[in-house]
K.L.:
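Okay, handing you the structure first.
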Amino acid sequence: MAEYDAQAIEAKWQERWEEEGVFRAIDLDATRPKYYMLEMLPYPSGTMHMGHMRNYTIGDAVARYKRMRGFNVLHPMGWDAFGLPAENAAIKNGVHPRAWTNGNIDEFRRVLRRFGFSYDWTREISTCEPEYYRWNQWFFLRMLEKGIAFRKKSKVNWCPACNTVLANEQVINGYCWRHEDVLVESRELEQWFLRITQYADELLDDMKQLEGGGWPERVLAMQRNWIGKSQGARVRFDVEEVAGLSLEVFTTRVDTIYGASALLIAAGHPKIAELLAGVPGGEGLQEQLKAMQQRSVKAEELATAEKEGFFTGRYAVNPFSAERVPIWVANFVLAEYGTGAVMCVPAHDERDFEFAQKFHLPVKVVVQPPSGEPLRADQMKEAYTEYGSSVNSGSYSGLATPAAIEKMTADAKSKGFGYGETTYRLRDWGISRQRYWGTPIPVIYCDKDGIVPVPDDQLPVKLPPDVKLTGEGQSPLATDPDFVNVKCPKCGGPARRETDTMDTFVDSSWYYMRYCCPDAATMVDKRTAYWMPMDQYIGGIEHAVLHLLYARFWTRVMRDLGLVSFDEPFERLFTQGMLLAHCYYREDASGRKRWFYPAEVEQQFDERGAPVSAIAKEDGQPVLYGGIEKMSKSKNNVVEPGAFIERFGADTARAFVMFAGPPDQSAPWSDASAEGVHRFLRRLWSFSYGERTRIEGAASLEIADLDAGLKKIRHELHAALHQARFDY
């Protein structure tokens, strides 16, 4: 055809690809090298936008390139289908989570197919289907047998109005997401855990396999920090005037202990009640404590959080210097890390320095740098955190930092108030969720036999279809007597099922292996050994820690159970940048923002492309410019793929997101640039149509038959191909 008709062209070829199965991977093909290419599976929530498409387009370009190079390529797609958003949508809209999820999956699948991505759809999986989650349950039971799965008490978020446990994302500034005036409480409940800490050293040491370009160094650094291996000393501080009460701190810099201005403890420290008992003004302290517990700081926010704290009225004794040090509660000390208490050394720790500046604690220099001007406390603008020589530290003064650490750790042990210790920031993975839409945990509780595993031949334990969802009260599964009340597999007596479901990170910890053998009668089979480890994985930096770390842990447990023979599941990892878009809003009298879609706004830009003014098309009145932000439904700045494809076609959309900028960096969406890509494709089509006779004739020419001009063109063509291979 003379004119470029994207809709007709794309429909024709997508239909032919489907009919001929050209993207189907061939299992166990010994004639070609294999290549497993995967983008992280989507959570089918709402609708897709062009930001999602960038991820899938990058992966598809690599998959097609590898096929052209002669590789046997596995490039599948599936759905991370369990989770809290589906349950919340069911509660809000009166639909079943399965209906809501499957409706979204249908729409996602339609959009991905329309984009022409080269997926092997015969391997499609959905994690909410019993044939998938039965293997979550089977593997959990294997971990239970090995002691990797275990049960213990753990703190949870509890809403007294809903009378239920809340996920972290349902706690907003300390209040319940459904009850803006109800403070969330911290309670202890029996929870199921997976012993990931057992693999901490291996997870850390094996990062050597991923260095040198296989994984981004930024991701490896984030995982190292999350595991947080530290070698230091645990030191006991006795509390004055409270017999038998002491607080322990863990520090990697025991050499700075003479510079301690205070002890800082977490608001959730287990000894906080004992510490505050009998203190004058205790009621006021309890109010401050409760307020701080509601404004808990997340681990990932510690570096940037505003420092808050209050003095408890108690003092402890520094075991090295015998000085009294005040005990404060501080918001950046977390009960779940270390001992829940730290010594505050403002001169030599940046967070302590900020805390001391705000609350007027003394700054004591106890380490001098090896060169330059000596530090003076009254002149310090920031903490000195490097090594040097000890000063103002009693008999340890003059020792270099490593020697001081070694000597002081040994003396703490010999004098009975401390010892050397290796600690980890990593905590065991809590997988219990008091929710419906997840994998049921396959255990039964019997008064006679205790915790009894569900027998393998009774798997999967299926979710009952008609559970009432309210978001209030106990776990939804507990309201279904037919689900709860069962016979004990051991004694045959009355028993009850576990009513918690598994964290959805369980589903995504191994899904990529199920793509290798989606119809297997076992969790994995020999096809997994053929395709794995994965050659290339693509996904956002936001998954750097939890998903990727859990997947690495899960793989090692599978290896130790003899299911796989490799350690690392992903040989190469690529973290793509986000697509950004302009956003616009108005504020009402109460300050509430109404966000406009870009298509609803008429925007004027200056000669440098900077926005100068904008008006709403509906009424011609001004709107405010909110900057360029990540595409988000909450700010109405998403570009819908369906509407764009109807206008320009899939090839324009794919070409634009590939040319928007370096794929590992964020890039702004631009309608004008997208239209420019479409004009380029039309020109390419028109040129090829005009030269179609010569193009067809050139296909049969031998090199010897080419004239000088055609030989030059051939050389340029192969130079371009060489560069393309290098770039990929």
Side-chain angles (χ1 to χ4, degrees), residues 1-39 41-42 44 48 52-53 55-79 102-126 129 131 512 514-520 527 530-531 535-536 641-655 657-658 678 681-682 684-685 688-689 692 695-696 699-700 728:
M1 56 184 87
E3 296 297 324
Y4 176 55
D5 183 345
Q7 306 301 328
I9 296 163
E10 292 166 3
K12 169 189 172 181
W13 288 103
Q14 289 176 19
E15 183 179 353
R16 180 164 169 183
W17 296 337
E18 183 71 20
E19 289 175 352
E20 299 187 7
V22 296
F23 303 136
R24 291 183 187 172
I26 307 301
D27 290 318
L28 309 177
D29 184 351
T31 65
R32 296 178 292 166
K34 69 91 180 177
Y35 194 85
Y36 187 0
M37 167 73 238
L38 187 66
E39 307 93 53
L41 82 174
M48 283 188 168
H52 298 120
M53 293 303 115
N55 184 22
Y56 307 129
T57 303
I58 292 168
D60 193 57
V62 175
R64 289 172 177 272
Y65 164 73
K66 287 293 183 179
R67 286 193 196 92
M68 292 186 220
R69 296 286 312 280
F71 286 78
N72 181 25
V73 174
L74 174 59
H75 188 213
M77 174 52 65
W79 318 104
N102 286 341
N104 287 336
I105 287 174
D106 289 343
E107 175 61 16
F108 274 37
R109 187 189 299 111
R110 185 191 68 79
V111 173
L112 291 175
R113 282 183 173 276
R114 182 61 189 87
F115 257 75
F117 295 131
S118 61
Y119 294 129
D120 182 350
W121 286 104
T122 66
R123 296 171 185 262
E124 180 182 3
I125 62 170
S126 181
E129 298 301 331
E131 55 264 32
Y512 46 89
R514 194 61 183 175
Y515 284 139
C516 302
C517 52
D519 57 350
R527 291 172 288 179
Y530 171 78
W531 289 111
D535 297 277
Q536 180 70 63
F644 186 87
I645 288 178
E646 289 303 314
R647 184 179 175 192
F648 293 119
D651 281 341
T652 295
R654 291 161 57 104
V657 297
M658 289 298 287
H678 188 65
L681 292 180
R682 288 206 312 269
L684 176 62
W685 185 273
S688 300
Y689 179 79
R692 62 190 184 283
I695 292 172
E696 290 169 357
S700 62
Y728 273 107

K.L.:
Could you grab the distance from atom CG of N102 to atom OG of S126, nearest 0.5 Å is fine?
P.N.:
6.5 Å

K.L.:
Between E107 and R110 (salt bridge meaning N to carboxylate O under 4.0 Å), is one present in this structure?
P.N.:
yes

K.L.:
Scan the side chains in residues 643-651 for donor-acceptor partners under 3.5 Å anywhere in the protein, sequence neighbours excluded, and list what turns up.
P.N.:
| residue | atom | partner | partner atom | Å |
| --- | --- | --- | --- | --- |
| R647 | NH2 | E675 | OE2 | 2.8 |

K.L.:
Can you confirm if the NZ or CZ of R692 lies within 45° of the ring axis of Y689 and under 6.0 Å from the centre of its six-membered ring?
P.N.:
yes

K.L.:
Is a donor on one side and an acceptor on the other found under 3.5 Å between the side chain of D60 and the backbone of S118?
P.N.:
yes

K.L.:
Of all the heavy-atom pairs spanning A25 and R123, show the shortest one and how long it is.
P.N.:
O-NH2, 3.5 Å

K.L.:
Indicate yes or no for a side-chain donor-acceptor contact from Y515 to the backbone of H75 under 3.5 Å, with no hydrogens or angles considered.
P.N.:
no

K.L.:
Any donor and acceptor pair, going by atom type alone, linking the side chain of Y512 with main-chain N or O of L41 inside 3.5 Å?
P.N.:
no

K.L.:
Please determine, by modelled atom types, if W79 and N104 share a side-chain donor-acceptor pair under 3.5 angstrom.
P.N.:
no

K.L.:
What pair of heavy atoms forms the shortest contact from R654 to V657, and how long is it?
P.N.:
O-CG2, 3.3 Å

K.L.:
To the nearest 0.5 angstrom, please state how far the CE atom of M53 sits from the CZ atom of F115.
P.N.:
5.5 Å

K.L.:
Would you give the length of the straight line joining atom CG of L112 to atom CD of E124, rounded to the nearest 0.5 angstrom?
P.N.:
9.5 Å

K.L.:
Would you please test M37 and L74 for side chain to side chain contact (heavy atoms under 4.5 Å, CB included) and show each step?
P.N.:
CA-CA 6 Å; M37 167 73 238; L74 174 59; over 6 Å; no

K.L.:
Can you find a pair of side-chain heavy atoms, one from E18 and one from R113, that are under 4.5 Å apart?
P.N.:
yes

K.L.:
For the pair D535 and K66, find out whether any cationic side-chain nitrogen is under 4.0 Å from an anionic carboxylate oxygen.
P.N.:
no

K.L.:
I need the T57 OG1 to F117 CZ distance, nearest 0.5 Å.
P.N.:
3.5 Å

K.L.:
Can we call the ring centroids of H678 and Y4 under 6.0 Å apart?
P.N.:
yes

K.L.:
Might you work through the side chain to side chain contact (heavy atoms under 4.5 Å, CB included) test for C516 and Y36, ending with a clear yes or no?
P.N.:
CA-CA 9 Å; C516 302; Y36 187 0; 3.9 Å; yes

K.L.:
Looking at side-chain heavy atoms only, is the closest gap between R109 and D106 below 4.5 Å?
P.N.:
yes

K.L.:
Between D5 and K12, does any NZ, NE, NH1 or NH2 come within less than 4.0 Å of an OD or OE carboxylate oxygen?
P.N.:
no

K.L.:
Just so I know, are the side chains of I9 and M1 near enough to count as touching, which here means a heavy-atom distance under 4.5 Å?
P.N.:
yes

K.L.:
When you measure from the centre of the six-membered ring of W17, is the NZ or CZ of R64 closer than 6.0 Å and no more than 45° off the axis?
P.N.:
yes

K.L.:
If you look at every heavy atom in A520 and R514, which pair is closest and at what distance?
P.N.:
O-NH2, 2.9 Å

K.L.:
Please name the pair of heavy atoms, one in N55 and one in E39, separated by the smallest distance, quoted to 0.1 Å.
P.N.:
O-CG, 3.6 Å

K.L.:
Is the closest side-chain heavy-atom distance between P76 and W121 below 4.5 Å?
P.N.:
no

K.L.:
Taking the side chain as every heavy atom from C-beta outward, state whether Q536 and Y35 have any pair of such atoms under 4.5 Å apart.
P.N.:
yes

K.L.:
Just by modelled atom types, is the V73 backbone N or O under 3.5 Å from a matching donor or acceptor in the R32 side chain?
P.N.:
no

K.L.:
Answer yes or no: is there an ion pair linking R527 with D519, defined by an N-O contact shorter than 4.0 Å?
P.N.:
yes

K.L.:
Do Y56 and P42 have side-chain heavy atoms sitting under 4.5 Å apart?
P.N.:
yes

K.L.:
Is it true that E3 and W685 share a donor-acceptor pair across their side chains at a distance under 3.5 Å?
P.N.:
no

K.L.:
Angle class for the F108/H52 ring planes (parallel below 30°, perpendicular above 60°, tilted otherwise)?
P.N.:
tilted

K.L.:
Hydrogens and angles aside, do R24 and T122 bring a side-chain donor and acceptor to less than 3.5 Å of each other?
P.N.:
no

K.L.:
Can you tell me if N72 and Y530 form a side-chain donor-acceptor pair at under 3.5 Å?
P.N.:
yes

